[in-house]
Each structure stands twice: as C-alpha cells, then as structure tokens.
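Both counts, for ligands and for their atoms, begin at 1 and track the order of listing.
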Amino acid sequence: MSCAPPRILRPRDGTRLTRRALLVGIPALGLGSVALAGCTGSEAATAAENILSISLNQTETHPSYLALTYFGEKLVESTDGRWGARIYANEALGAQQEVVQLVSDGSVDIAVISAPQVENLSRAFRPLNLPGAFRDIDHQMAVLNEDSLVGELFSSLEPSHRLRVLGGFTQGARHVYTDRGPIEGPDDLAGLRIRVQESDVFMELTRALGGSPTPMAYGEVYTALQAGVLNGAENNEVSYVTQRHYEIAPYFTLTNHLVGLDYVMANVDRIHGMDPADQEAFATSFTAAQEEFVRLWEEETASSIAQMEDAGVTITDPDDDAFAPLVLEAGRSFLDSAEDEALYEAIRAVETNSAAASDGGEG
Ligand code: GCU
C-alpha cells in the first residue's frame, strides 16, 4: 500500500475540514481508504495479513511513534506475519477526544490517549492524574506494573466502552511555557491565556498556577499561539520541541506541576478476535514497547532540552514553593470520595529505588 506523508493532513494553516471529512469517511470507507492519505510505519509491520490501526497525535519523531513502530515490528515477528500495525500520526484520524470514541466503536483499533480524556470517560481514573500521584517516571512505571492497584481499573471500561487499557507511556513532568516572561510565580501568569487539555482538573490546576485556562485540542495549539489566541500552554519538553511551540512561546518555566500519563487503549473485541497465541504475542510485544518507550523518553527529553538551549529558549527554574504547594492542594480538592483518596494514597505509597532518596513530594 502506498502512503502519502501524514504531515499533509496536519498543516499548521488549518485544513480542519479535510480532517473532519476524513473522520466521517472512516466507517463507510474502511481504514484502507484512510491509509492512502496518512500512513507510515515499518514495512514488515504494515505488510502483515492483519493490520491494527493505531492513532497518535504526535509527530513521527516523538518517542510514542518510535515505540509503537517497535511494537509493530515485534508483533509481526512474533506472529509470523499474521498481525502488524500501522500508525496514523499527527492527529490524522482526529484529536484524542474524538479518537477514543472511534476505538470504542471499533473504527480504529488502538490509540494513545492522554489521561484527562480517559478521566472524562470514567472518574475512577482521576487519582492517577492528580499532582503528587507520581513522584517521577520510575514510580509511575512501578504503579502501572502493579496489577493489584490498576488491574481492575484498566479493564473497567471493557463492558461499557469496549476499551482496554494496555498500559501507558509517560508524559514526564509537565511545565508551563509562555510568549512572555520570565515567569517566577503565579502573579506573573495573571491574565495569561494558557491552553489546557479538555478537563476540569486541568482548568483548576491552571487557575492555581495563576493563569487563565483555555481548553483546546493538542493539534490546534500552534496556530492558536501564533494567532495570539493563547499566551502559552503546559506540556513536557518533548512536546514543546516536536510541536515547535518554542518558536512562538520561548519562555519555559519548570513548574513541574504533574507527572503526566498517556494510556494506550485498544478495542477489546479486536483483541478477542485474535487467536490465543497471537493475543499472547500481542501482550508481550506491547510490554516490550512500553519498556522501550522509557529508554526513548529519557533520550528524547535530553535532546529536547539541548534543542531548547540552542534555540535560545529562556528556561526559568522558580522556587520550589512558588507553584508546587498550590497545585498539590488544587489537585487534592478533586479527591471527593473515600475510594479515590485510598487509591491516590496507595499510589503514593508505592516504593521504588529512586523513592528512597526522595521526600515523596513531587508538586
Ligand atoms: C502530551 C501527551 C499527549 C497529549 C498532549 C496534550 O504531548 O503525550 O497525549 O495529548 O500532551 O497536552 O494534549
């Protein structure tokens, strides 16, 4: 199958209609038609007998894309060519809020979905997406691997939404960046319109940081910054660089407000449609990709920081207590049931080697 570069589908100058038209076309035309417009991936994985479609809102240089490519390669190898995967990058199949529905109804097989979107489907996921839940990436991965904590939660959307959480890719620590600065404390963010993911928790956290939250899909942020509709956003170094937001918002403030998480979600009926040995190969390939992701993430974060420095970004490291206690308190106010509180505390109590040296209090 031939593939045009997906970048055509995510231009910065707004062909939103084209993408929408494409989305509407998916159920009727099948993914083969969409593939002509936006597919990439390693050759063997995309030449398999059965191809799993994977939706991603990142570029082809992002660690998620690279780890999913690795997943496809492992899968095709371990199923002797019966199953492979094709990744649709750059929101070619839509923004996460729409795509999670497409996975739910089986039009798309797998997608990377940021925690706030999952929390919008089920509040039970909320304790994992509050400031202070995860100290660092090691701790987050330890929690993801702790079946007694997350096993039931990760399969809880199967009956209602046909969605299975396969696991997660870290988003690392998230920070705020702006078109003006430096930002040393909440007063400096007063009146600045900061893009947030579409979630009431993120709206509140941004208010606690001092800014005015503006919910928006990821793929719209560059244009909105450029148009002056936004003064800034919050994300990790890798997204800041791969989305080229530093070109317009060159003040990056290490607010460290949250260690974020992307869930990798699959349509459960599609998995059940594989024979048992292939399901096993699928699970093993995903575990390998999740591990590979952590390695890629560390590498790409370091390289993104170097690129930020080269590009002349002003990186500000505010006082530890300038933002962290405010967001921690704002986050905790969302723990509105004994069950949520218990899960949040159980997550925080998970020990790792790195925890021994830490005071356990990420902002
Ligand atoms: C990160 C994350 C994405 C998410 C994005 C956002 O880049 O990996 O899944 O969509 O943040 O802020 O929307």
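Atoms OG and CG, on S199 and L205 in that order, are 7.5 Å from each other to the nearest 0.5 Å.
Clustering ILVMFWY residues whenever any of their side-chain heavy atoms sit less than 4.5 angstrom apart, transitively, puts I51 in a cluster other than the one holding I110.
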Hey, can you pull the donor-acceptor pairs under 3.5 Å for the side chains in residues 306-330, sequence neighbours left out?
| residue | atom | partner | partner atom | Å |
| --- | --- | --- | --- | --- |
| Q307 | NE2 | S303 | OG | 3.3 |

Please tabulate, one line per pair, the protein nitrogen or oxygen atoms found under 3.5 angstrom from a nitrogen or oxygen of ligand 1, with distances to 0.1 Å, or say none if there are no such pairs.
| residue | atom | partner | partner atom | Å |
| --- | --- | --- | --- | --- |
| ligand 1 | 7 (O) | Q58 | NE2 | 3.0 |
| ligand 1 | 7 (O) | Y218 | OH | 3.4 |
| ligand 1 | 7 (O) | S239 | OG | 2.6 |
| ligand 1 | 8 (O) | Q58 | NE2 | 3.1 |
| ligand 1 | 8 (O) | D262 | OD2 | 2.5 |
| ligand 1 | 9 (O) | Q96 | NE2 | 2.9 |
| ligand 1 | 9 (O) | D262 | OD1 | 2.6 |
| ligand 1 | 9 (O) | D262 | OD2 | 3.3 |
| ligand 1 | 10 (O) | N57 | ND2 | 2.9 |
| ligand 1 | 10 (O) | Q96 | OE1 | 3.2 |
| ligand 1 | 10 (O) | Q96 | NE2 | 3.3 |
| ligand 1 | 11 (O) | R174 | NH1 | 3.1 |
| ligand 1 | 11 (O) | N235 | OD1 | 3.4 |
| ligand 1 | 11 (O) | N235 | ND2 | 3.1 |
| ligand 1 | 12 (O) | R174 | NH2 | 2.8 |
| ligand 1 | 12 (O) | R195 | NH1 | 2.6 |
| ligand 1 | 12 (O) | N235 | ND2 | 3.1 |
| ligand 1 | 13 (O) | R195 | NH1 | 3.2 |
| ligand 1 | 13 (O) | R195 | NH2 | 2.9 |

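Here F293 and Y70 keep their ring centres 6.0 angstrom or further from each other.
Taking the ring centre of Y251 as origin, the terminal cationic atom of R180 falls outside the region bounded by 6.0 Å and 45° from the ring axis.
No option in Y240, Y222, Y177 other than Y177 meets the side chain to side chain donor-acceptor pair (under 3.5 Å) test with H245.
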